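These notes are about the structure you will find just below.
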Amino acid sequence: MDSRQLYQEMILDHNKRPRNFGRLPQPSHHAEGVNPLCGDHIELTLDVHEGVIREIAFEGESCAICKASASMMTGQVRGKRLEDARALVQAFRDMAVGGLHPASGPHELGRLTVFSGVRDLPSRVKCAVLPWHTLQAAVSGEALATTEGVQDPQF
Amino acid sequence: MTQLASIASTPATRAAPYDLEGLRAQFPILGLRIGDAPLAYLDNGASSQMPQPVIDRLVHYQRAEHANIHRGVHYLSETATAAFEGARRKVQRFLNAAEECEIIFTRGTTDALNLVMHGFGRAYIGEGDEIIVSTLEHHSNIVPWQMLCQERGCHLRVIPCNDRGELLLEAYAELLGPRTRLVAITHVSNALGSISPLREVIDLAHARGVPVLVDGAQAVAHIPVDVQALDCDFYCFSGHKLYGPTGIGVLYGKAALLEKMQPYQGGGDMILSVSFEKTIYNVIPHKFEAGTPPIAAAIGLGAAIDFVTGVGIERAADWEATLLDYATEQLSQLPGVRLVGTAQHKASVLSFVLAGVHPHDVGTVLNEAGVAVRTGHHCAQPVMQRFGLPATVRASFALYNRLDEVDQLVGGLQRVARLFA
């Protein structure tokens, strides 16, 4: 696959200028995500009020795929109800491991489909899903998420 | 970028001290194409490729020689046993060990290190004692000792390195103390390529009566090893980084030490007699080889040793030094490239980072240029912490690499730079 297909402009842009980068001063929810394979590490802080994600921020050290995924995720889930955010986590994971094809049916992924290219690169799937695992952990009250054990039918 | 293209031309004056194309032809996998690009395999530090004579040896064993060893009285069992023990003699000669019984077959370097932790560490290292390792160790020469420390209340002492990735001998001398029970040190750093000053490390330890274990996983394919000249007490390596199969490795240990160590695993082949009242362990090396070993892999390792000694480790090292020098020159001229690990004495490894681009992204784009490199922390997170990096890109060379594969790496890095500009 050509690197332009994976590293689309939108991904390169979010990598260079990540949105919602930093940490909230008094978050209601918080989780760390690590990918022990490559050392990627991100930290999510959320402000959840009455079941709605009011604010969300991330920081950390990671590759372009992971950073862009985190940046776009924060933009997509801010203002969403927790159950809608959880559904989006599931849809994103399904797309990344290849179960959900963005072109084949209705979904809520929107611009997140720029990440669909990772499903052809098994070693990079974990980079794209790490922020989403971390979000899942944060809203489930877990402090740590890891990409170990991610079920990937291509491995 | 035009200026970069001009520096990436291969100097015709540098040639391998052997028939490089003829040698490459013996490695079928090197002919692969990755998409549109020829494969440039620069991940030999993780695992090297296997030449046809080794592949043929494995196939022949499986087709005409296989049975369980050290047991049957029938033809096949005797043939397999002779081939397996013949491989042990090849390893003995390769390392110049004094005795055949000093060569123990393991699953690999990690297994060998764990064997010493269990057999020597658990028997002779106790509360308040100290084990010295270096900053440059692979996790497999750190974690077993940490497990021992946790279990026994002993302590880990770490030899620091300078900004070039060279171990600091003065600091090491100060770490050696009355409670030091073992020095466990790498021969060549897998993340940086630094060659450890083993002569000084071993002499200083022995002056205090402390045994030295050497992790030779990254060394044996690139540096001639003579365990008697080194006078190390343990030396270990893996078959798959020496053009042999995975699943087989070696622990060399001085016979006197191995004799007094406790067995690693219990089972068949490691006993002389078993009763519910008393079990008598087998002699070395069998005391440490419980169960049916990877027979084919051991025999394949023997064939790999024949292959590599046929080329000559010194000649391979000469050529790999040329490759490393050329790659170092070329990469130093690329804007944004920072070399990590610039020790005076290095073998085969070039670790680097590219400003503003994570090593994983570098690796993915290089893959499209057909270039296989390792990206990440290389199972050496303390090294990464020492240099303040989460990860690096690592190109590592073998005797079959060509200068134009370095050019292919440089071209790939220029592609990365354009994409992330």
Side-chain angles (χ1 to χ4, degrees), chain A residues 1-18 21 32-43 58-71 96 114-131 146-148 150 152 154, chain B residues 33-37 43 46 138-140 142-143 191 336 340 351 353-394 408 411-421:
Chain A
M1 129 180 232
D2 187 86
S3 51
R4 296 266 170 206
Q5 267 172 279
L6 177 65
Y7 295 103
Q8 297 191 23
E9 281 306 324
M10 200 182 296
I11 292 180
L12 293 171
D13 178 59
H14 276 266
N15 175 50
K16 212 179 264 180
R17 300 185 302 115
F21 193 81
E32 274 180 75
V34 293
N35 179 347
L37 188 75
C38 62
D40 278 359
H41 172 263
I42 70 159
E43 236 180 307
F58 83 101
E59 63 180 5
E61 181 85 47
S62 67
C63 66
I65 302 292
C66 181
K67 194 189 277 181
S69 175
S71 173
V114 292
F115 290 99
S116 62
V118 297
R119 67 164 160 251
D120 297 324
L121 292 166
S123 63
R124 304 306 302 275
V125 168
K126 291 178 179 182
C127 308
V129 298
L130 178 63
T146 146
T147 53
E148 287 306 272
V150 170
D152 181 349
Q154 292 178 90
Chain B
R33 296 186 71 83
I34 309 300
D36 298 332
D43 194 17
H138 187 282
H139 293 165
S140 58
I142 299 173
V143 181
V340 184
S351 227
V353 289
L354 196 55
V357 191
H358 191 277
H360 251 197
D361 298 311
V362 177
T364 293
V365 180
L366 286 179
N367 177 55
E368 285 159 35
V371 182
V373 292
R374 173 79 191 270
T375 61
H377 52 57
H378 316 294
C379 296
Q381 285 179 328
V383 180
M384 299 294 114
Q385 284 153 16
R386 168 63 180 77
F387 287 87
L389 297 164
T392 71
V393 184
R394 181 188 72 180
Q408 205 174 326
L413 289 171
Q414 290 170 336
R415 191 192 288 201
V416 177
R418 282 195 298 274
L419 188 67
F420 286 88

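The chains referred to below are lettered A, B, ... by the order of the sequence lines, with proteins before strands, and numbering in each begins at 1. Note that the structure is predicted; figures quoted are calculated from it, not measured.
Only the backbone of B/Ala421 comes within contact range of chain A, judged by heavy atoms closer than 4.5 Å.
Of all heavy-atom pairs spanning B/Leu419 and A/Leu12, the tightest one is O-CD1, 3.6 Å. The minimum heavy-atom distance linking B/His360 with A/Tyr7 is given by the pair O-OH, 4.4 Å.
Along residues 62-70 of chain A, the residues that come nearer than 4.5 angstrom to chain B, judged on non-hydrogen atoms, are A/Ser62, A/Cys63, A/Ala64, A/Ile65 in order of number.
A heavy-atom distance below 4.5 Å is found between the side chains of B/His358 and A/Asp40.
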Point to revise | Check against side chain to side chain contact (heavy atoms under 4.5 Å, CB included), A/Arg124 and B/Asp361 | key: CA-CA 9 Å; A/Arg124 304 306 302 275; B/Asp361 298 311; 2.9 Å; yes
